[in-house]
Structure formats: structure tokens, C-alpha cells
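Labels below follow one simple rule: chain letters A, B, ... track the order of the sequence lines, proteins then strands, and each chain is numbered from 1.
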Protein chains: 2
Amino acid sequence: MERVKEQRCFGGTQGTYRHDSEAVAGAMEFAVYVPSGDGPFPVVWFLSGLTCSSENVITKAGAQRVCAELQLALVCPDTSPRGHDYAKDERYWFGEAASYYVDATAEPFAAHYQMFTYLKDELPAVVGKHFPVELSRQCIMGHSMGGHGALMMALKQPDRYASVSAFAPIAHYTACPWGEAAVAGYFGGDADAARRYDVVSLIEAGARPAGPVLIDQGTDDAFVEEQLQPQVLQKALKEAGIGHELRMQAGYDHSYYFVQTFMEEHLRHHHQAVAGG
Amino acid sequence: MERVKEQRCFGGTQGTYRHDSEAVAGAMEFAVYVPSGDGPFPVVWFLSGLTCSSENVITKAGAQRVCAELQLALVCPDTSPRGHDYAKDERYWFGEAASYYVDATAEPFAAHYQMFTYLKDELPAVVGKHFPVELSRQCIMGHSMGGHGALMMALKQPDRYASVSAFAPIAHYTACPWGEAAVAGYFGGDADAARRYDVVSLIEAGARPAGPVLIDQGTDDAFVEEQLQPQVLQKALKEAGIGHELRMQAGYDHSYYFVQTFMEEHLRHHHQAVAGG
């Protein structure tokens, strides 16, 4: 693992790192905030949205202040493998920076787009080896496509994450315009395979997260009706009897101005789950 | 005045606006954060550094959360006029986004680079007309070149600003490598004219700010020795008997990770001056 940069922030260290990933057969970058103190610290994962890298959340979300106070490590993976010509696409919702955090089964993406395996197995091991973290205490959150990713990971691995939260998540990617490209490109149109990573489909199939679910959604989010579909998510959560809080936040859009406003409450939600705080 | 964008953030509104400026003979953009509530709100000015526009501070400084709590409006001007070919320079410390907030006297810059007059007269009037602010209660802060700007404005207009603070300010721009280009380009090499905007020179000439001065400087800032020279500033402040707190912050660099870490303390410094809080 190679250090790209490290900077002091709220007494701790905000770093970006690069490593050679077996899962995605190439170099990957990720960011970690480690608070000051001895640790080991519980780990909060933040999965980012379409077009983003880890840089957006570490510069714009205001998370470090709260992580410093609550003594949480924040790990921010990239949104896809990088640098493959076949994945450069003019559609910002497909290909590079738009992995949906799935393991692709269709060529050419299957060769590198193995983000589920990367996040499930490889990156936690790297983080556990190099940082003062406690992998027995993990939580996961995300924004937009990363909100989908966080809920999906929590549903598929309830023993892993003590809590989950999402900002404006894509609730049902196999049934929204953005996700059509992913179903076609990553799974060769095999909708059954794609649904194995779909939040609403997972809930309908009986998957349950370990802890309570916190979701914030801005009412002025340009993507809410067509792409994000919080009402579809809420219906699935309710019918499954999954404890959750889904808050419609009046006047907020899809940006990091929205994310930073509610970041502290999300981190306290996770802190309570991993530290009883 | 035209609205470029407005977004909800911590219950208030983060906006960017464009207007035709007489002072700089062209269009200017600036950003304003207005907290929720009735107002009128005291105004905190934030002057940004080399290469920046108002976008850096409004996305990366974590100021809105604190402004919402303390009920302060935050006004963030641009760092220079924009779009003039003569001001495009490969040196990031001169020309566009590097005005030093002075009124240039040498051609071609004198035609547009009248930032001191713009900030002193024109922009406060625009802000006072369009936003729920109280111009009898103003404070000023800034980062790097904007730290120079904030201290300079406070020294030249002690009746205007109740308090001043700076993150890693350029203390003595007429006597550091970055500033040589400004003295040559904006003043045709007239060092006396340039010193009328120089923080250390102003103090030595007897200028005094209205209230106590707060300055933070990271010890790992790559520019501290050669460009920023906090020790020169501290010597001038001490010899002038100006009340101040200059804090060397161990391990911090020049970035917004540094700025965001101490933003809350700076805003509380200003709040105390304008609201007795």
C-alpha cells in the first residue's frame, strides 16, 4: 500500500492511499480518516455516488469533525476501477465511477468490475492491516449510488455491519432509468443476476440488515421521482417489518450541501450502534 | 443582481450571485450564506486565497453549520476580476485569482483590478440591498492571500469591522517572493503605492484594527517560511501593541483541511465581537 497524501484535520489524519487490488485486477485508491487517539477505532464505510471518487466526501461532507469527536475511522472507497478504455462512457451513470458496487458477470466488465468482492473481502483486510481499526465494529453509509451500495452491503452481510444509513439512495437500481445501463452492461441483461444486488429486491427476497436504518432524502432533489424512488424503498421496508427512519428533508437537493447538513446525525446513528454512545 | 445557484444547507441558503460591477468594470460573482431565521444578520466576510474563487470556501470550509448556529451571514467575494486576457498568467500568484485585493495603478490592470474599492464600497451596498444583513455589524476573515486581504481591510477601515481573523495570511506581500509580481504588475514597481495595502507596512505606519486579532498558522504549511512570514507579522503586532492571538498549529498544512479545523473558533471570535456571544 502506497500513501498518496496525508493531511492533518481536526487533530487526526486524512489520507488517500493506493494499492494493487487482486479483486479488480488493478490499482485502486481509497481514503481513510483516522482520529487522534490510541484506537483501535470502529470503522464507518462511506460509499460515494455517480461521478465521484473518495475526494468528494473527504473535502465536502464535514465528516472529519464528527469522526474526531466520536472516535470513528472513516473509510471511503472509490466508486469503480479506473483506467479501462472499455469503461469510459459518455453516460455518467455507467462505467467508470458508476460501478454500483456489484460483481459484473458480463464481458468486458467482468475482468475488473468486481467491486462487491473488493469491498467485502479485500479492502477490509487492507484497512485492518494498515490502520488502527477494529473490524469487529463496522457500519456503512453512502450517498446516491453509494446509498444503494451501503444498503445492499448491509442486506447481504448483516453480520458485518452494526448499522446502515443512506443519503438519497438509489432504492431499486434494476427498475430505474440510471440502472438500465448497469443491468445491460454489467450483467449482459440478466435481470435475475442484477437483482442479487438490488436493495428492494433483496428485501423482498428476505434479506434483513442487522440494525436500524436511517435514510435522508431531500424534497428538492432533481432525481427523487425517476431515479431514487424513496417511496418504493419505504414500502419494501415497511412490508418487511424492517425498523427504519426515512426522513424527507424539505428544500434540500442531491448535493453535498445536503449531505453535510445531516452527516453528524448519521455518524451519531452509527456511533450508537458500535459504541452504545 | 442575478442568481447563479441557491442550495439549502443547514436550514439556510447557500447562494452564488452575479452582478455588473462598476468598480471593476465587469461582471463579478460572489457567494452568500444566509441562515434560517428572520435576521437581519451580522456579516462575516471571507476573502479567499490564490487560485481560489468563492467555491472553495463554500464547499470545503465547513462554515455554514456554525453560521447557522450563530446566526451569521457569510459573504465570500471572488479573488479578482475574471476574463481579461492580459491577466491570464502562468504564475498562480499573479493576475486572475490573485488580485491581492488592491486598487491597481498600473496599466493594463488599473482598468479592472480595483478590488479594494469593490470590497470597500460596491459589494457591501449590493449585499445590503439584496440580503437580510445588518451592515452596522461586520467582521472580516480570510485565508492566505485572503488573510492578507482581511487584515489589510481591517487595518484600513477600523470603523467598519468589529473583528478580524486570518488563516495562514500573507503577512508582508511587498516583501515576499509571491508579492514581487503584484508590486511590479499592479503598481508598475511603485513600492510605496504597494505598501499602502501591505499588512506589516500599515501597522508600522500606525494603522490599528478595531478589535482583537485571531490568526492560525499550520507548522507544516509549505509556504510558511518564505511567503507567509508569521514571525514578521507577530513582531509588528507586538511592537504596535495590537492585541492578538497567533497560534502555531502543529502538523497542519495550507489546505482547507486546516481551515475547516479552526473555522468554528474563528466564527465564534467574530460572533463575540458583533453579538457579544
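- Residues D253(B) and Q7(A) share a closest heavy-atom pair of OD2-NE2, 2.7 Å.
- Summarising the geometry, atom CZ belonging to R8(A) is positioned 11.5 Å from atom OG belonging to S255(B); distances are rounded to the nearest 0.5 Å.
- For the pair T59(A) and Y257(B), the tightest heavy-atom approach, listed with the atom from each and the gap, is CG2-OH, 3.6 Å.
- Dense packing is recorded around NZ of K88(A), with more than 12 heavy atoms of other residues, nucleotides or ligands lying under 6.0 Å away.
- No more than 12 heavy atoms of other residues, nucleotides or ligands lie within 6.0 Å of CD in E225(A), so this atom counts as exposed by the packing criterion.
- When all heavy atoms are compared, the tightest approach of Y252(B) to G11(A) is OH-N, 2.7 Å.
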Apply side-chain contact (heavy atoms from CB on, under 4.5 Å) to R65(A) and R65(B), showing your working. CA-CA 11 Å; R65(A) 177 184 64 86; R65(B) 177 185 64 85; 3.1 Å; yes
Go through the steps for Q260(B) and Q64(A) under the test side-chain contact (heavy atoms from CB on, under 4.5 Å), then give the verdict. CA-CA 9 Å; Q260(B) 70 174 268; Q64(A) 293 94 342; 3.6 Å; yes
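- For chain A, no part of Y256(B) is nearby; none of its heavy atoms comes within less than 4.5 Å.
- Counting heavy-atom neighbours within 6.0 Å of Q231(A) CD, excluding the residue itself, gives a total above 12.
- For the options D220(B), I58(B), T13(B), heavy-atom pairs under 4.5 Å to chain A are most numerous at I58(B).
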